[in-house]
2 protein chains.
Amino acid sequence: MTDPAWLDEEEQETWRAFLWTSRLLNEALDRQLQRDSGLPHAYYMILAMLSESPGRALTMTELAAIVHSSPSRLSHAVNRLEEAGWVRRVKHPDDRRTTIAELTDAGFAVLAEAAPGHVAEVRRHLFDPLSREEMLRFRETLHALLASLDPDREAPCADGKG
Amino acid sequence: MTDPAWLDEEEQETWRAFLWTSRLLNEALDRQLQRDSGLPHAYYMILAMLSESPGRALTMTELAAIVHSSPSRLSHAVNRLEEAGWVRRVKHPDDRRTTIAELTDAGFAVLAEAAPGHVAEVRRHLFDPLSREEMLRFRETLHALLASLDPDREAPCADGKG
DNA sequence: CAGTATCAGTTGAGTGTTCAACCAAACCGA
DNA sequence: TCGGTTTGGTTGAACACTCAACTGATACTG
């Protein structure tokens, strides 16, 4: 039996491989986006998710759920994006608590300019090294982990800009 | 043929699943470590890697390579760890450029206290949801990605304290 | 309806990370 | 041995994230 309080060598290696892979991938993407568009990855994601939504707008709470961000983080981020003129805050007409974040035309333009390079980077690092079959198995494994990490979550939205 | 400038739906979903999984896992571990030991995950890793090294000491450059950190980040981190009394900086006797980071007894004690809870969290989130076979396939995929992300790197060290 | 709880979102302080600039020691070539 | 380069490492400013505290608006409950 394996000692539940420790990791055996294969687990150990798997764990570190996962850690380094996710770190390196995130850093590569962050660097690419920062260099080519001056956007951190988290900010790019906010613009991307807004662009896919009806009216290019979402309430802060919806947006926070979609980009997996804390309310606080999102609020700070939208402050920056608003200063840059890429997002606009609008009050909800029926519920005066909620504020709506809306992608501006300038924001859409920045996103459109950044997207191809970003997608290319994702493809290069994540999909080029994997066969289709391997990719699909990888996806299943990730879904299993997600189900455990985040039991009560809806399926994420989908389209190619991510 | 697939358009190389865009992601199809399966790729899209794989990519986002990877993103959320790594984010959620990292956040879970960071929260657990912060709560139980007051250590960010990156700092825990520094202590852990030092503890596995001969003499519980490494040069800054070696340490940076092992924990996949930039020199700057490591230097700032070691500043904090030194203030806390968990690490000590020593000058290298033969090469006066290099400085050696050495784990103190207090640092080892903190690590020893933090390790079991951390390992349990890793196990809970990463290994419990996966069959052994699935885990091993997962590892192979990660190695393929790593090879592409970081072509000229040595094999990481190993032991159960991850 | 009052009173309380909950929801939506923001703020500020503290902390960690990044990036560019910098310094000193060691190496290298003529 | 002198100048340039590389190596090892640090620093400070700018920026992002976390956590706890807070405000206002709405929903529930007796």
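We name chains A, B, ... by the order of the sequence lines, and we start the count at 1 in each one.
In this structure, A/Arg137 does not pair ionically with B/Glu134, as no charged nitrogen and carboxylate oxygen lie closer than 4.0 Å. B/Arg89 has no carboxylate O lying under 4.0 Å from a charged side-chain N of B/Glu102, or vice versa, which leaves the two without a salt bridge.
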Could you write out each protein N or O paired with an N or O of nucleotides 3-6 of chain C at a distance under 3.5 Å?
none

Close N/O contacts between protein and nucleotides 20-23 of chain D (under 3.5 Å):
none

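With rounding to the nearest 0.5 Å, the separation of CZ in A/Arg132 from CE in A/Met135 is 3.5 Å. A distance of 11.5 Å separates CD of B/Glu140 from CG of A/Leu130, quoted to the nearest 0.5 Å. For the atom pair OG (B/Ser148) and CG (A/Leu24), the distance works out to 10.0 Å, reported to the nearest 0.5 Å.
Residue B/His76 places no side-chain atom within donor-acceptor reach of the base of C/dT15, judged by atom type and a 3.5 Å distance cut-off alone.
Side chain of B/Ser69 to main chain of B/Ala65: no donor-acceptor pair is present (N/O by atom type, distance under 3.5 Å, no hydrogens or angles). In this structure, A/Thr59 contributes its side chain and A/Ile100 its backbone to no donor-acceptor pair below 3.5 Å.
Within the 4.0 angstrom heavy-atom criterion, only backbone atoms of the sugar-phosphate kind lie near A/Asp95; the bases stay farther away. Looking at heavy-atom distances under 4.0 Å, A/Ala42 makes contact with sugar-phosphate atoms alone, never a base. B/Arg89 comes within 4.0 angstrom of sugar-phosphate atoms only, judged by non-hydrogen atoms across all strands, and of no base.
Closest to the B/Tyr43 side chain, of the nucleotides C/dT17, D/dT18, D/dA25, is C/dT17. Distance from the side chain of B/Arg31 is smallest for D/dC19 among the nucleotides D/dT10, D/dC19, D/dC17.
The nearest whole Å value for the distance from the CD atom in A/Glu83 to the P atom in D/dA14 is 15 Å. Atom pair B/Asn79:CG and C/dT17:C1' shows a separation of 13 Å (rounding to whole Å applied). The separation between A/Leu39 atom CG and D/dA14 atom P is 20 Å, rounded to whole Å. Per the geometry, CG belonging to B/Leu33 stands 15 Å off C1' belonging to C/dG16, to the nearest Å. Atom NE2 in A/His92 sits roughly 14 Å away from atom P in C/dT10 (whole-Å rounding). Between A/Gln34 atom CD and C/dC19 atom P there is a gap of 7 Å when expressed in whole angstrom units. Note: NE2 (B/His41) to P (C/dT15) measures 21 Å, nearest angstrom. Rounded to whole Å, the distance from CG on A/Asn26 to P on C/dT17 is 14 Å.
Each of A/Glu27 and A/Pro71 lies near DNA chain C, and the nucleotide nearest A/Pro71 is the one positioned closer to the 5' end. A residue-by-residue look at A/Met60 and B/Arg80 shows that A/Met60 has its nearest nucleotide of DNA chain C further toward the 5' end. With the nearest nucleotide of DNA chain D identified for both B/Thr99 and A/Arg96, B/Thr99 has the one nearer the 5' end.
Side chain to side chain, A/His68 and B/Glu27 fail the donor-acceptor criterion of an N or O pair below 3.5 Å. For the residue pair A/Asp8/A/Gln12, the side-chain donor-acceptor check at 3.5 Å is not satisfied. At a cut-off of 3.5 Å, with distance as the only test, no side-chain donor of B/Gln34 or B/His41 sits close to an acceptor on the other residue.
Residue A/Thr98 places none of its side-chain N or O atoms closer than 4.0 Å to OP1 or OP2 of C/dA8. Distances shorter than 4.0 Å separate none of the side-chain N or O atoms of B/Arg73 from OP1 or OP2 on C/dC19.
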